[in-house]
Amino acid sequence: MADILVYALHYEGAINKNSLGAVSEAANLASQIGGEAHAVVVGEGVSDDLAASLGNYGVTKVFRAEAPEGLAQPVIDVMAKIMSDQGHQYALFGGGLLGFEIGAGLAARLGAGVTMEVTHVNVADGKLTAERPILGDSSISTSSYKDKGIIIGRLNAFEANESDGGAATVEDVQVELSPWSTKAKMVQRGEQRGADVDIEGADILVAGGRGLGKAEGFELAEELAKAFGGNSAVAATRAVVDAGWYPYAAQIGQTGKTVAPKLYLAAGISGAIQHKVGMQSSENIVAINKDANAPIFEFSDLGIVGDLNKILPKLTEAIKAKKGG
Ligand SMILES: Cc1cc2nc3c(=O)[nH]c(=O)nc-3n(C[C@H](O)[C@H](O)[C@H](O)COP(=O)(O)OP(=O)(O)OC[C@H]3O[C@@H](n4cnc5c(N)ncnc54)[C@H](O)[C@@H]3O)c2cc1C
């Protein structure tokens with residue numbers, strides 16, 4: 001029997017969406033290996049309701065520790081103690097930089113195996129194995145664990161599913177923090193721009209590529225999406241996600257999301273095959289590119305050859321004017 005422990009990050013009274021995905025995934029996996037899925041919440045005065053609500057995503061027990069939330073080292077102290085005392089075999093994280101940092105520290109502390117950027121977890125002979133894309137996502141590597149395993153998902157790899165499991169039991173744990181764990185202080189917290197966009201459910205997507213020039217270039221795409229209003233959002237290519245200009249949650253394509261909005265407006269996107277597979281089912285594709293030979297024009301309903309820095313603001317103004325504001 002092997003239990004799985006999940007770190008549930010929370011902010012302003014709500015559990016992070018990626019953590020909920022990891023909780024659901026852990027509950028599903030635990031049922032396949034004959035174990036239980038548990039969660040851990042860390043913070044000052046975390047309410048019973050918030051902790052117990054994780055039961056709705058399939059965990060039976062939630063460990064609650066009074067320690068600084070959102071910083072890696074205190075969470076490593078907490079999770080290492082729980083895993084050692086309670087004998088959890090695996091820890092699962094929903095992804096994101098904090099998950100990477102905690103997971104790596106936890107693996108070092110426990111002498112466990114660790115796999116990052118995991119896109120799929122399988123069960124083989126009652127044990128977990130983790131798949132992660134390698135070599136520019138052209139191949140998949142599978143990791144198994146000799147003893148304890150730390151599995152850190154790629155952002156949004158695991159889907160949050162509400163179950164009718166009801167409230168989980170909440171158990172308070174006392175943890176003595178390592179001397180170095182209290183050295184860093186949280187100064188400010190905030191959501192990453194665009195991290196919570198629902199691009200799969202949007203009717204209109206303004207997608208930006210390397211042609212936007214820099215991270216700030218995305219403001220042009222965001223302004224246009226705002227002018228469209230309603231159910232519109234901003235999406236991105238992998239090139240700009242890799243460059244850190246926009247979050248992975250907004251990536252369209254082979255290693256991102258597949259979308260089919262009513263309108264897909266591609267600005268400064270070349271139209272590589274790996275991007276095309278994620279958006280080719282869109283009802284209407286409009287492309288803006290300064291290169292008349294860009295492959296995107298081969299599968300666009302309307303192509304505009306020109307500089308997006310001039311076209312996007314004009315389009316935004318025209319839509320605002322049409323809407324009377
Ligand atoms: C295994 C694998 C998986 C991949 N998965 C994905 C994936 O999921 N999603 C994805 O998107 N990519 C993916 N890629 C990468 C893909 O091959 C392309 O490299 C990427 O899509 C290119 O992004 P881009 O169009 O933003 O950049 P570029 O190819 O550099 O294109 C930029 C475009 O902007 C135009 N431009 C520049 N300046 C302006 C301007 N001022 N006005 C108008 N136009 C301008 C240029 O003419 C050019 O066509 C993957 C690659 C591999 C090998």
Side-chain angles (χ1 to χ4, degrees), residues 1-9 16-40 57-59 72 76 79-80 82-84 87-161 200 238 241-242 247-249 251-258 272-275 277-278:
M1 190 180 99
D3 294 338
I4 307 173
L5 186 66
V6 180
Y7 169 57
L9 175 73
N16 167 275
K17 194 171 129 233
N18 271 290
S19 297
L20 290 178
V23 168
S24 298
E25 180 74 7
N28 172 33
L29 293 167
S31 69
Q32 295 180 56
I33 55 174
E36 285 188 17
H38 301 150
V40 54
Y57 293 85
V59 287
I76 293 168
M79 290 187 75
I82 296 170
M83 287 182 77
S84 302
H88 292 90
Q89 175 112 26
Y90 303 102
L92 188 69
F93 294 85
L97 291 179
L98 187 63
F100 290 153
E101 200 179 341
I102 298 169
L106 196 55
R109 190 79 66 86
L110 298 174
V114 60
T115 318
M116 303 205 173
E117 292 275 354
V118 170
T119 49
H120 203 72
V121 185
N122 295 309
V123 174
D125 300 328
K127 294 184 170 176
L128 301 187
T129 62
E131 288 183 1
R132 65 158 295 179
I134 54 167
L135 303 174
D137 289 356
S138 60
S139 198
I140 298 285
S141 110
T142 303
S143 308
S144 54
Y145 307 93
K146 278 188 180 165
D147 186 17
K148 289 189 191 297
I150 313 293
I151 299 172
I152 308 165
R154 192 175 261 194
L155 212 55
N156 291 328
F158 309 127
E159 203 176 318
N161 292 312
E200 284 152 308
R238 176 167 162 186
V241 170
D242 284 352
Y248 172 67
Q251 184 184 314
I252 307 289
Q254 186 182 320
T255 45
K257 291 186 176 141
T258 302
I273 180 69
Q274 297 89 352
H275 186 78
V277 292

What side-chain donor-acceptor pairs closer than 3.5 Å can you find for residues 93-117, not counting sequence neighbours?
residue, atom, partner, partner atom, Å
Arg109, NH1, Asp77, OD1, 3.0
Arg109, NH2, Asp77, OD1, 2.9
Thr115, OG1, Ser143, OG, 3.3
Thr115, OG1, Tyr145, OH, 2.5
Glu117, OE1, Arg154, NE, 2.8

Got a sec, which residues hit side-chain hydrogen bond (donor to acceptor under 3.5 Å, both in side chains) with Asn161, two or more places apart in sequence or on another chain?
none
Assess whether atom CD of Gln32 is packed by more than 12 heavy atoms of other residues, nucleotides or ligands within 6.0 Å.
yes
All heavy atoms of Met79 vs all of Ala91, minimum pair found to be CE-CB, 4.2 Å
Would Thr258 and Val277 satisfy side chain to side chain contact (heavy atoms under 4.5 Å, CB included), going step by step from the backbone distance to the final call?
CA-CA 7 Å; Thr258 302; Val277 292; over 6 Å; no
Just jot down the side-chain hydrogen bond (donor to acceptor under 3.5 Å, both in side chains) partners of Gln251, sequence neighbours excluded, or say none.
Thr255
Distance, nearest 0.5 Å, that separates CG of Asn122 from OG of Ser144
11.5 Å
Search all heavy atoms of Thr119 against all heavy atoms of Ala157 and return the closest pair with its distance.
CA-CB, 4.1 Å
Interatomic spacing from CG in Leu92 to CG in Leu128 - rounded to 0.5 Å
8.0 Å
Can you check whether Lys127's main-chain N or O pairs, donor with acceptor, with Asp125's side chain at less than 3.5 Å?
no
What closest approach, in Å, do Ala26 and Val6 show between heavy atoms, and which atom pair accounts for it?
CB-CG2, 3.3 Å
Rounded to the nearest 0.5 Å, the NE2 atom of His120 sits from the CD1 atom of Ile151 at a distance of 11.5 Å
So how far is it from Asn18 CG to Phe158 CZ, rounded to the nearest 0.5 Å?
9.5 Å
Can you give me the closest heavy-atom contact between Ile33 and Gly126, atom names plus distance?
CG2-O, 3.3 Å
Quick one: pull up CG in Asn16 and OH in Tyr7 and give me the separation to the nearest 0.5 Å.
8.5 Å
Has Lys257 got a side-chain atom pairing as donor or acceptor with Gly278's backbone, closer than 3.5 angstrom?
no
Begin with the C-alpha distance, continue with both residues' side-chain angles, and end with the deciding distance and a verdict on side chain to side chain contact (heavy atoms under 4.5 Å, CB included) for Arg132 and Thr142.
CA-CA 7 Å; Arg132 65 158 295 179; Thr142 303; over 6 Å; no
Within a strict 4.5 Å, meaning less than it, do heavy atoms of the Arg238 and Gln274 side chains meet?
no
What are the two closest heavy atoms between Ala37 and Ala30, and how far apart are they?
N-CB, 3.7 Å
Using a 3.5 Å distance criterion without hydrogens, assess whether the side chain of Asp3 forms a donor-acceptor pair with backbone atoms of Gly35.
no
When you measure from the side chain of Ser19 to the backbone N and O of Leu9, does any donor-acceptor pair fall under 3.5 Å?
yes
When rounded to the nearest 0.5 Å, the distance separating CG of Asn28 from CD of Glu159 is 11.0 Å
